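Below: one structure, written as structure tokens.
Per chain, numbering begins at 1; letters A, B, ... match sequence-line order. Everything quoted here is computed from the prediction, not taken from an experiment.
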Amino acid sequence: MALFQTLKTAAGVWNPLLWLIALAVAIGIGLYIRSRGRADSRQGPAREPFISGNPEPENAGAHIPATNLYWGFTEALKGWYQKLLPIHTGVLTDYVAWFLGVMALTFIIALAG
Amino acid sequence: MQTFLISHLPALLVALPLLCGFLMPVIGRAGPRVRNGWVLLGGALTAITGLLLAIQVLRFGPVTYVFGAAHTTQTLAENPAAAFPIRIMFEIDALGALMIINTTLATLAVIIYSVAAEAKQSGLDMFYALFYLLIAGVYGMVATGDLFNFFVFLEITSLAGAALVAYRIDRGVAVEAGLKYALLSTLAALAVLTAIGILFGQYNALNIAALASRLQFTPLDKVALCLLIVPLAMKCGAVPMHFWTPDVYTTAPSSVTAFLVISSQASLYGLFRVLFSLYGAMLSWATFGWFLIILGVLSAFIGVTMAIPQKDVKRLMAYHAVSQTGYMLLAVGVGLAVLGNASALAKFGRAAIAGGLFHIINYASCKGLLFLTAGAIFLRTGTRNLNRLGALGHAMPVTMVLFMIAALAIAGIPPFNGFASKLMIYQSVFHFSPLLAIVAMIVSILTLASFVKVFQALFMGPRRPEFANVREVPRPMLIGMSVLAAYIVIAGIFPQFFVTRMIAPAVNALLDRAGYIATILGGI
């Protein structure tokens with residue numbers, strides 16, 4: 001049937017239905033392994049979260065704000081961001097300048113080519 | 001009657017939303033229920049018209065429509081006496097049909113959503129009048145076969161878009177964003193109009209097919225080319241002319257933002273149409289292919305890296321919009337770059353263009369859904385600040401699932417539609433340049449990384465007292481969002497069905513410049 005055809009890409013194929021079947025099998029295996037586990041594993045002290053020996057914070061303090069989540073990423077790429085962020089001035093005349101600059105460059109490319 | 005309606009579908013495609021918009025202030029006087037009914041009826045009729053027309057084109061070939069002619073299908077070829085240059089003529093081929101389907105899907109989802117999302121706002125009569133003007137403008141841009149009409153519809157979308165962005169004047173930033181959008185759009189439109197003037201002055205024609213058949217590629221034509229492609233690249237948000245996108249997408253109401261994405265894609269369509277159908281064989285393919293590729297890579301990488309540090313959820317999504325536009329420019333640029341090499345075109349060029357065009361509709365659905373979910377969250381919490389939001393998964397589980405579908409799809413995770421189009425882009429671009437394919441994959445990884453952050457910031461964590469009264473958004477909003485989610489899942493599970501029926505004909509239409517000209521001029 002046309003609906004279930006395999007997608008042909010430039011160098012391979014992709015069939016989401018086969019992928020979904022494989023995923024379902026993997027989930028099934030996972031659930032089977034889980035069902036073989038000890039029923040009493042969720043009782044007692046093992047149930048408490050272990051945060052390197054620190055006490056569990058209150059709900060309000062347990063949420064990690066978005067800024068903290070990728071602090072390491074932005075810190076590692078500080079050099080890139082130091083160049084990139086100042087370009088985004090929010091000033092309309094700068095936007096026009098970029099537009100005119102690209103236009104001028106394209107003129108040169110088109111007329112020279 | 002049925003035949004009459006079908007024969008006039010191209011006219012109805014623009015006339016219906018215009019009628020719906022212009023009658024809105026009158027019908028709105030009858031009360032909000034009647035107005036909402038009119039909004040939904042207009043949306044449904046417009047969507048049905050769009051779908052019927054697209055199906056007609058995909059099944060039976062290009063459709064032409066001449067406004068004001070005794071016989072609306074009478075093209076320049078059939079009546080040489082009528083071959084005067086100024087004539088409103090629509091030419092809808094498979095590429096146009098793809099864009100119409102894209103617009104229709106968004107129209108349907110956004111209209112259903114906005115009826116509930118905007119219910120408590122004032123000034124809705126004019127809001128919807130402008131909204132339908134925007135819809136008519138986008139349909140016109142992707143349906144017209146005339147360059148001056150294209151300019152007119154571009155202006156309609158720009159003015160309606162700017163007015164909608166600035167519509168909530170109680171927010172100063174909205175007015176500022178609207179002003180920026182209006183000024184840059186005017187600048188772009190002026191450049192396009194100048195290009196049209198240059199071409200008309202030389203060839204006494206405004207019809208794209210007629211112009212394409214007469215083009216000599218003089219230095220003036222090259223100037224006109226620049227005046228066409230640079231503004232259109234800016235309107236679709238390509239780096240380094242993307243600065244307006246975060247400002248505008250962030251402050252506009254979310255239903256407007258979701259449709260502004262479609263408006264930007266109509267400019268992308270215009271860019272491809274100019275490069276392939278209008279100039280086509282005249283161009284230095286490698287030069288302009290690389291022009292698109294460089295814009296694409298810059299947009300993809302700078303867009304995604306700018307998204308990561310954002311704290312405003314819609315601003316983050318706006319930078320992602322820039323990034324995803326980069327994929328389309330990159331893929332179609334690769335196809336353009338190898339246009340003169342038959343074996344490369346057959347081996348990977350067509351697949352690259354197919355991936356790029358498939359990503360247009362996939363991206364529109366994912367990004368549209370993401371903006372709508374952001375609007376749902378803003379409606380309930382009153383903030384877009386990711387640092388202040390959290391734990392909404394408890395109160396808004398359906399919105400959370402819809403967000404997950406869109407985020408996974410746009411990050412290229414199987415089995416959603418974004419994976420299928422991105423896979424086509426990776427593999428075809430890899431044949432052209434492995435380095436470009438690697439950059440594209442890194443961008444996808446970063447996209448996933450930033451959406452993990454957004455998901456965690458919005459939905460995860462224990463319940464928070466400040467959001468104790470938050471509840472799920474009204475059902476019409478969920479239905480509107482579900483329309484897009486349904487497409488994301490269906491196109492993800494059955495990608496080849498969509499590629500065979502919609503994308504491959506669109507690729508053929510884009511590459512077949514002679515066919516585009518012959519549809520109007522009959523083999524002249």
Side-chain angles (χ1 to χ4, degrees), chain A residues 1-20 23 57-71 73-74 77 80-81 84-85 87-113, chain B residues 179-180 183-184 187 191 219 222-223 225-227 229-230 233-234 240-241 243-244 246-247 284 287 291 302 305-306 308-309 311 347-348 351-352 355 386-387 390-391 414-415 419-420 423-424 427-428 430-431 449-450 453-454 456-457 460-465 492-497 499-500:
Chain A
M1 285 213 310
L3 202 61
F4 300 104
Q5 282 176 347
T6 300
L7 176 69
K8 293 174 187 68
T9 59
V13 292
W14 164 243
N15 192 320
L17 288 175
L18 291 179
W19 187 87
L20 284 172
L23 183 70
E58 294 299 316
N59 278 358
H63 186 71
I64 303 166
T67 308
N68 296 13
L69 204 63
Y70 283 116
W71 176 84
F73 182 88
T74 48
L77 291 177
W80 169 250
Y81 282 114
L84 194 61
L85 291 174
I87 299 170
H88 294 77
T89 56
V91 180
L92 182 57
T93 45
D94 290 350
Y95 299 1
V96 175
W98 277 100
F99 171 71
L100 294 176
V102 174
M103 181 76 88
L105 189 67
T106 315
F107 274 137
I108 294 166
I109 293 168
L111 292 170
Chain B
L179 183 70
K180 283 177 180 172
L183 198 136
L184 288 170
L187 200 63
K222 292 178 183 177
V223 170
L225 174 67
C226 298
L227 289 169
I229 61 173
V230 176
M234 181 181 74
M241 299 173 288
F243 301 101
W244 63 271
D247 296 345
S284 162
T287 305
F291 175 76
I302 290 179
T305 48
M306 277 303 293
I308 286 177
K311 298 177 194 74
K347 192 178 173 192
F348 62 86
L386 287 168
N387 284 336
F419 176 78
L423 184 69
M424 291 169 81
Q427 294 197 349
S428 50
F430 187 85
H431 280 294
S450 63
K453 161 181 144 173
V454 179
Q456 189 275 342
M460 303 301 282
R463 285 182 188 277
R464 297 170 69 171
I493 296 176
F494 309 109
Q496 185 62 23
F497 179 80
V499 168
T500 309

task = Could you tell me which portion of A:Thr67 (side chain, backbone, both or neither) has an atom closer than 4.5 angstrom to a non-hydrogen atom of chain B?
result = both
task = Could you tell me the separation between the CH2 atom of B:Trp244 and the CG atom of A:Leu92, rounded to the nearest 0.5 Å?
result = 13.0 Å
request  = State the CG-CH2 distance between B:Leu184 and A:Trp98, to the nearest 0.5 angstrom.
outcome  = 14.5 Å
task = Using a cut-off of under 4.5 Å on heavy-atom pairs, state which of A:Leu77, A:Leu100, A:Thr9 scores highest against chain B.
result = A:Thr9
request  = Please name all residues satisfying side-chain contact (heavy atoms from CB on, under 4.5 Å) with A:Ala97, sequence neighbours left out, ordered by chain then number.
outcome  = none
task = With a 4.5 angstrom heavy-atom cut-off, could you sort out which part of B:Lys453 is near chain A: side chain, backbone, both or neither?
result = both
query = Given a strict heavy-atom distance threshold of 4.5 Å, which part of B:Met424 is in contact with chain A: side chain, backbone, both, or neither?
reply = both
ask   = Taking B:Gly355, B:Ala449, B:Ser450 one by one, which has the highest count of heavy-atom pairs under 4.5 Å against chain A?
value = B:Ala449
request  = Decide yes or no for B:Phe419 and A:Pro16: does some side-chain heavy atom of the first lie under 4.5 Å from some side-chain heavy atom of the second?
outcome  = no
ask   = Considering only heavy atoms, which portion of B:Leu227 lies under 4.5 Å from any heavy atom of chain A: side chain, backbone, both, or neither?
value = both
ask   = In Å and rounded to the nearest 0.5 Å, what is the CG to CZ distance from A:Leu7 to B:Phe497?
value = 14.0 Å
message = Can you classify the ring geometry of B:Phe243 versus A:Tyr95 as parallel (below 30°), tilted (30 to 60°) or perpendicular (above 60°)?
response = parallel
ask   = Distance from A:Ile87 atom CD1 to B:Met306 atom CE, nearest 0.5 Å?
value = 9.0 Å
request  = With a 4.5 angstrom heavy-atom cut-off, could you sort out which part of B:Ala351 is near chain A: side chain, backbone, both or neither?
outcome  = side chain
Region of B:Ile493 that comes under 4.5 Å of a non-hydrogen atom in chain A = both
message = Could you work out, with side-chain contact (heavy atoms from CB on, under 4.5 Å) as the rule, every residue matching B:Phe430, not counting sequence neighbours?
response = B:Pro434, B:Ala437
Portion of B:Val499 that has a non-hydrogen atom of chain A nearer than 4.5 angstrom = side chain
request  = Can you tell which part of B:Thr305 gets under 4.5 Å to a heavy atom of chain A, answering side chain, backbone, both or neither?
outcome  = both
request  = Select one option (side chain, backbone, both, neither) describing which atoms of A:Tyr70 are under 4.5 Å from chain B's heavy atoms.
outcome  = side chain
task = Give, as side chain, backbone, both or neither, the part of A:Phe107 having an atom under 4.5 angstrom from any heavy atom of chain B.
result = both
ask   = Which atoms of A:Trp71 come close to chain B, meaning under 4.5 Å heavy atom to heavy atom: side chain ones, backbone ones, both, or neither?
value = neither
task = Give, as side chain, backbone, both or neither, the part of B:Thr500 having an atom under 4.5 angstrom from any heavy atom of chain A.
result = side chain
